[in-house]
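Keep in mind it's a predicted model, so treat the numbers as computed, not measured.
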Amino acid sequence: MTIVLATLGAVLLVWRGPWWFDGEFLSDRELRTGSSALVTGFRTSVVQLFAVFGAGIALLFTAFNYRLTQRGQVTDRFTKALERLGSPEMYVRIGGLLALEQIVQDAPGQADHATQVLKAFVRDRASRGSDRSPEVSRSARIAVARRAARNGGGPPSVASASKRPDADVQQAVTTLVGPPAYGHPDDDIWDWDGGREHVEGRAIDLSDLDLAGVNFHRSDLCGVRFDGANLSQASMTRSYLQGANMEGANLTGALMYRANLNRARLKNADLTDAYIDGADLRNAYGLTVEQVLVAEVTSRTSLPSRIAQDPRVLAHTAEVEKRIDEEFNGSLEPFEP
């Protein structure tokens, strides 16, 4: 009905428009002379105006149809990715995770939905098991950590010294927290523009999960919830842990070389044999002397002044550095000319 009325209005405007708008200048008796040019020009302008209007409507319909088609394609890709995540085959699940990551890059509006799926996937595949991973010799952990230090904090091969997490769990966690960040780990994120909002606005909950041996090298873990999680022998070298909640987490044997734990919550966290050389713990909440005394702490570790000046911590630091040097030097093969 609307289209019919619009068509009739257009015809009337072309037919009678000149007399409606310029009737005082027109004369029926002289229409065949000068007045005819005015009528023709008016009608031509009206027709052109409606042509432009029609082209605009057609363009809007085209854009609308394109968005619907694109949304349908994204939905179809999302559904296929979900189907892959439920496959019994490891490589198919990893393919589904990579497809989900690509969907988020192509359609940022699907980021929230993808995050919900990834959280559910990780919780299903990495539910909390035993509280500790298999024991690994101290010398093996020290050798791995020293190699990381010599390589400028590159990702150590933690899996060689501990159980390797399932490949799909590692890929899901990497997709969830994002790719490695290559800013300077000593920067205080609260001094950045939007830094506080970044930490407080993240809603990544990895609490009470078995993430033993997972590689978080250089990962942006600001504000992530790890409370109660099993992070034993995980690699967190040079990672950003500002504002992270790690209360009650199992960090036994974790590699945290130069990790930034500014304002991280460490109450009741188990730091036994955690390698925290060069880590920033100056403003960590809930950190105690007892936790530091069981960790692999060095003089390069930044601790709260009340803990750093404790005689027991000073003695333990000297003991750890002496043992590390002895084990490292002992692992070097003698030079034979």
Side-chain angles (χ1 to χ4, degrees), residues 131-153 156 158 161-162 185-186 212-213 216-217 221 226-242 244-332:
D131 198 39
R132 287 180 179 270
S133 296
E135 289 295 327
V136 179
S137 66
R138 181 188 299 271
S139 60
R141 288 194 301 271
I142 297 301
V144 171
R146 291 304 293 265
R147 283 199 298 271
R150 290 202 310 272
N151 295 331
V158 182
S162 66
D186 291 337
F216 287 111
H217 172 66
L221 305 174
F226 287 114
D227 45 305
N230 180 12
L231 294 164
S232 58
Q233 298 169 23
S235 173
M236 295 182 170
T237 55
R238 293 178 177 263
S239 59
Y240 298 79
L241 287 155
Q242 295 97 316
N245 186 347
M246 310 179 81
E247 294 183 353
N250 179 8
L251 293 164
T252 304
L255 298 180
M256 305 176 77
Y257 170 75
R258 289 200 67 191
N260 190 331
L261 292 105
N262 187 9
R263 303 191 191 183
R265 300 182 181 277
L266 294 171
K267 182 179 180 180
N268 297 325
D270 187 355
L271 295 176
T272 302
D273 294 333
Y275 189 77
I276 54 176
D277 177 29
D280 186 356
L281 295 155
R282 287 172 296 178
N283 297 314
Y285 298 131
L287 185 67
T288 64
V289 172
E290 288 70 22
Q291 288 173 302
V292 175
L293 290 178
V294 296
E296 299 290 329
V297 60
T298 69
S299 58
R300 292 178 293 273
T301 305
S302 299
L303 297 169
S305 57
R306 60 179 178 80
I307 295 179
Q309 296 172 6
D310 190 289
R312 294 171 296 172
V313 173
L314 294 174
H316 177 64
T317 300
E319 178 186 350
V320 170
E321 290 187 330
K322 179 180 178 182
R323 184 175 65 248
I324 290 176
D325 290 337
E326 289 176 351
E327 294 180 349
F328 176 68
N329 293 331
S331 65
L332 297 177

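Residue Lys267 holds its NZ atom at 11.0 Å from CG of Asn245, rounded to the nearest 0.5 Å. Put simply, CG on Asp280 and CZ on Arg263 are 11.5 Å apart, with the number rounded to the nearest 0.5 Å. Rounding to the nearest 0.5 Å places CD of Glu321 at 11.0 Å from CD of Glu296. The distance from the CG atom of Asp273 to the CG atom of Leu255 is 11.0 Å, given to the nearest 0.5 Å. Distance CZ/Arg282 to CD1/Ile307: 13.5 Å, rounded to 0.5 Å. Taken to the nearest 0.5 Å, the CG atom of Asn268 stands 11.5 Å off from the CG atom of Asp227.
At a threshold of 4.5 Å between non-hydrogen side-chain atoms, the residues Phe226 and Leu221 count as touching. Side chains of Leu271 and Leu287 form a contact here, defined as non-hydrogen atoms less than 4.5 Å apart.
With Tyr275 as the fixed residue, the side-chain contact (heavy atoms from CB on, under 4.5 Å) test singles out one of Ile324, Thr237, Val320: Ile324.
Between the side chains of Ser235 and His217, no donor-acceptor pair of N or O atoms lies under 3.5 Å.
In this structure, the side-chain contact (heavy atoms from CB on, under 4.5 Å) partners of Asp310, at least two apart in sequence or on a different chain, are Val289, Arg312, Val313. Residues passing the side-chain hydrogen bond (donor to acceptor under 3.5 Å, both in side chains) test with Thr298 are Asp277, sequence neighbours excluded. For Ala269, the side-chain contact (heavy atoms from CB on, under 4.5 Å) criterion is met by Leu251, Leu266, Gln291, not counting sequence neighbours.
Nearest heavy-atom pair, Met236 versus Leu231, reported as atom, atom and distance to 0.1 Å: CE-CD1, 3.5 Å.
Put simply, the side chain of Thr301 gets close to the backbone of Ile276: a donor and an acceptor are under 3.5 Å apart.
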Trace of the side chain to side chain contact (heavy atoms under 4.5 Å, CB included) decision for Phe216 with Leu241
CA-CA 10 Å; Phe216 287 111; Leu241 287 155; over 6 Å; no
